[in-house]
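Naming convention: chains lettered A, B, ... in sequence-line order (proteins, then strands); numbering from 1 in each chain.
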Amino acid sequence: MKDQSATGEGPNFFERAFDVVRQIPQGRVATYGQVATLMGEPRKARLVGFAMHQSPGLSGGVPCHRVVYADGSLTPGFAFGGPGEQRRLLVTEGVTFTKDGKVDLEKHRWEAGV
DNA sequence: GTAGTGACCACAC
DNA sequence: TGTGTGGCCACTA
């Protein structure tokens with residue numbers, strides 16, 4: 001059966017990933033690995049990325065643009081409808097970038113419970 | 001039911 | 001210090 005959640009102990013992996021991402025406040029960002037860790041699955045960072053790919057997007061309440069690589073880099077570009085789109089959204093929310101074009105994680109890294 | 005894919009992360013050289 | 005590779009797991013076709 002599909003039962004996605006398999007264990008039946010809660011929503012499937014995607015739903016849980018979306019739930020964590022929804023908790024990221026405006027002006028803050030989190031890494032894929034961080035989201036996975038919050039889910040209790042630190043080794044499933046790749047799945048988080050795949051979940052974001054399948055996410056409904058902002059319209060679905062999932063600010064996937066607030067999720068970035070561990071080093072602050074943004075997604076390759078084909079996401080969000082075009083290169084720089086993710087960055088533009090983050091800038092609009094007040095997120096700043098380094099000279100390397102990466103998110104300033106030191107300032108905007110979101111930490112659960114904060 | 002099987003195989004391939006994927007918006008990652010960490011380690012090793 | 002920087003680059004490259006492997007491993008991990010779930011979802012889709």
Nearest-Å distance, CG (A/Leu90) to P (B/dA7)?
18 Å
Is there a continuous path of hydrophobic side-chain contacts, each under 4.5 Å between heavy atoms, that joins A/Val91 to A/Leu74?
yes
With respect to the side chain of A/Tyr32, which nucleotide from C/dC9, C/dC11, B/dC9 is positioned closest?
B/dC9
Considering residues, nucleotides and ligands other than A/Arg43, do more than 12 of their heavy atoms fall under 6.0 Å from its CZ?
no
What integer distance in Å separates A/Leu89:CG from B/dA7:P?
19 Å
Whole Å only: how far is the CG atom of A/Asp71 from the C1' atom of C/dT1?
15 Å
Which whole-number value in Å describes the distance from A/Leu47 CG to B/dT5 C1'?
11 Å
Could you tell me how far apart A/Lys44 (NZ) and B/dC9 (C1') are, to the nearest whole angstrom?
15 Å
Can you tell me the pairing partner of C/dT1 across any strand shown, Watson-Crick or G-U wobble, with both distances under 3.5 angstrom?
none
Of A/Gln34 and A/Phe50, whose closest DNA chain B nucleotide lies nearer the 5' terminus?
A/Phe50
Looking only at side-chain atoms of A/Cys64, point me to the closest of B/dA7, B/dG6, B/dC9.
B/dA7
Of all the nucleotides listed (C/dC11, C/dC9, B/dC9), which has the minimum atom distance to the side chain of A/Phe13?
C/dC11
Please give, in whole Å, the distance from C/dC9 P to A/Glu41 CD?
9 Å
Do any N or O atoms from the side chain of A/His108 and from the backbone of A/Thr96 form a donor-acceptor pair under 3.5 angstrom?
yes
In whole angstrom, what separates A/Arg43's CZ from B/dC11's P?
10 Å
note: A/Arg46, atom CZ; C/dC8, atom P; distance rounded to Å ~ 12 Å
Taking every heavy atom of A/Phe18 against every heavy atom of A/Ala51, the minimum-distance pair comes out as CE2-O, 3.2 Å
